[in-house]
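Side chains are part of it too, since the values below use all heavy atoms of this structure and drop only hydrogens, waters and symmetry mates. Every number for a ligand or one of its atoms is a count from 1 in the order of the listing.
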Amino acid sequence: MDFDLSWILLGLPVTFVLGWVASRLDLRQLRMENRQAPKAYFKGLNFLLNEQQDQAIDAFIEAVQNDPDTSELHFALGNLFRRRGEYERAVRVHEHLLSRGDLSLADRQRAQHALALDYLKAGLLDRAETALLKLEGTPFEAQARLALLANYERSRDWPQAALMAQKLEHAVQGSFSGRLAHYLCEQAAAQVNANHMPQARALLQEAIQTAPTAPRPRLDLAKLLASQHETAQAYATLVDAFESSPAAVPLMAGPLTDYAVATGQTAQALTLLQAQYQVAPSLDVLDGIVLLECAAQGPAPSARDWYVRHLEHEPSLVAAAKWIAGEKLEHEQFHPQVQRALDHAVKPLTRYRCAACGFEAKQHFWQCPGCQTWDSYPARRVEEL
Ligand SMILES: [Zn+2]
């Protein structure tokens, strides 16, 4: 028994050493072979061209192991990993590239950019920010700034987003004044929630100066003023907004009507809405007109005639349903059922729809919750598009 055990104890290290020597020999031979013909590389390319990504990755890993100096191969492999959603592996490849001392400056910047993309796709926003900031002054600067802007918007860091938008504007990447106004409005909304009304007002005034033709700052300011019982001021603000952003009139018709009724300026508001209706007949303006006429003369039957007049040139189901709602029907007992069916059919038509991605919502959004695009919701409802 003793004899056997000592042999095993002696045999183990010897086998280990022999195995190690054999593996070194093997590796050296493999390297020799691969310098001569990077077969695995071409094999990988072939798989890639045939859209067989799994096999391509296996072949590329083999090629990279055999020849760790090829940076192009590392880039290809990193991109493949990212495209397949294997972000950890993509990060490892690009970090490995960055750690190499012999990399050219251009390749180093490229690897840094690729690493930033890995983090972005993986949703690791903090790391993505650090990686993107390192791209200042490189050929990837503009792309990095746009990505940073999107990043700050996603994390609702409005002051940082504003700084980045200003940088982009200075670098002649188009006008960002509309977005800057939105950032100010978002900050104002946060101040309203915290009950800091003077700060919110100041931010909205700044937003109006930043983008004088944008509808949101004036609309938000009017709502703020109305909540502070300064309804006459709110009304005047919206009258200004009608002039500065006529395309958004349908969004403002509802609140304008409310403020006009509250301050007894129905006649003036009615003239304003009727003039707007002549230019662009829209359902929200129509509703405002009917409401104002009813407010002026009591529930007048003539007010509902507006819906019929609208139907003469727009075959609108929404307008028809609203007209029927006030109509005396012959079989009065069935009216609620019919009205319920109509309301149900009309509901999808009164939504707002993002022009960029088609996302529909009951309320109007300044930034689409689906695709994050700003100002992609038209002021008009689905039926009127
Ligand atoms: Zn969208």
Side-chain angles (χ1 to χ4, degrees), residues 82-83 85 87 116-117 119-125 128-129 132 142-169 173-190 192-193 204 207 210-211 213-220 223 241 244-255 280 282-285 316-318 344-385:
R82 189 193 317 122
R83 272 178 48 192
Y87 304 121
L117 291 182
Y119 286 137
L120 271 180
K121 291 273 175 173
L124 300 168
L125 300 187
E129 185 184 342
L132 286 166
Q143 280 178 53
R145 283 176 173 178
L146 282 170
L148 276 167
L149 185 68
N151 227 358
Y152 292 138
E153 282 185 0
R154 255 206 283 179
S155 49
R156 305 180 68 77
D157 187 345
W158 307 116
Q160 285 283 8
L163 281 176
M164 196 47 68
Q166 278 156 355
K167 270 190 192 173
L168 280 162
E169 199 166 59
Q173 297 273 331
S175 169
F176 283 78
S177 60
R179 282 220 213 177
L180 286 167
H182 278 305
Y183 301 159
L184 290 164
C185 290
E186 293 287 346
Q187 293 177 68
V192 168
N193 284 336
L204 289 173
T210 305
T213 59
R216 185 183 180 185
R218 285 195 176 84
L219 198 50
D220 284 4
K223 284 179 185 163
S244 59
S245 15
V249 159
L251 292 178
M252 301 185 263
S282 92
L283 284 168
D284 289 287
V285 175
S316 161
L317 187 59
V318 177
H344 184 72
V346 156
K347 216 181 261 171
L349 301 175
T350 56
R351 291 189 191 135
Y352 293 97
R353 183 192 291 149
C354 171
C357 73
F359 191 92
E360 286 185 11
K362 218 159 66 174
Q363 71 175 101
H364 177 274
F365 284 105
W366 299 107
Q367 186 185 25
C368 175
C371 68
Q372 313 295 320
T373 311
W374 291 98
D375 293 316
S376 59
Y377 275 82
R380 287 161 165 268
R381 293 164 191 274
V382 166
E383 195 189 41
E384 305 174 281
L385 297 177

Side chain to side chain contact (heavy atoms under 4.5 Å, CB included) partner of Met164, chosen from Leu148, Asp157, Asn151: Leu148
The Zn ion (ligand 1): protein N, O or S atoms [distance under 2.8 Å]: Cys354 SG, Cys357 SG, Cys368 SG, Cys371 SG
Pairing donors with acceptors under 3.5 angstrom, does anything connect the side chains of Arg381 and Tyr352? yes
Hey, what's the ring geometry for His182 with Trp366, parallel, tilted or perpendicular (30° and 60° as the breaks)? tilted
Note: Thr210 and Ala181 closest approach over all heavy atoms is CG2-N, 4.2 Å
Look at the side chain of Glu384 and the backbone N and O of Leu283, then say whether any donor-acceptor pair between them is shorter than 3.5 Å. yes
Hey, are Arg179 and Glu186 close enough for a salt bridge, meaning a charged N less than 4.0 Å from a carboxylate O? no
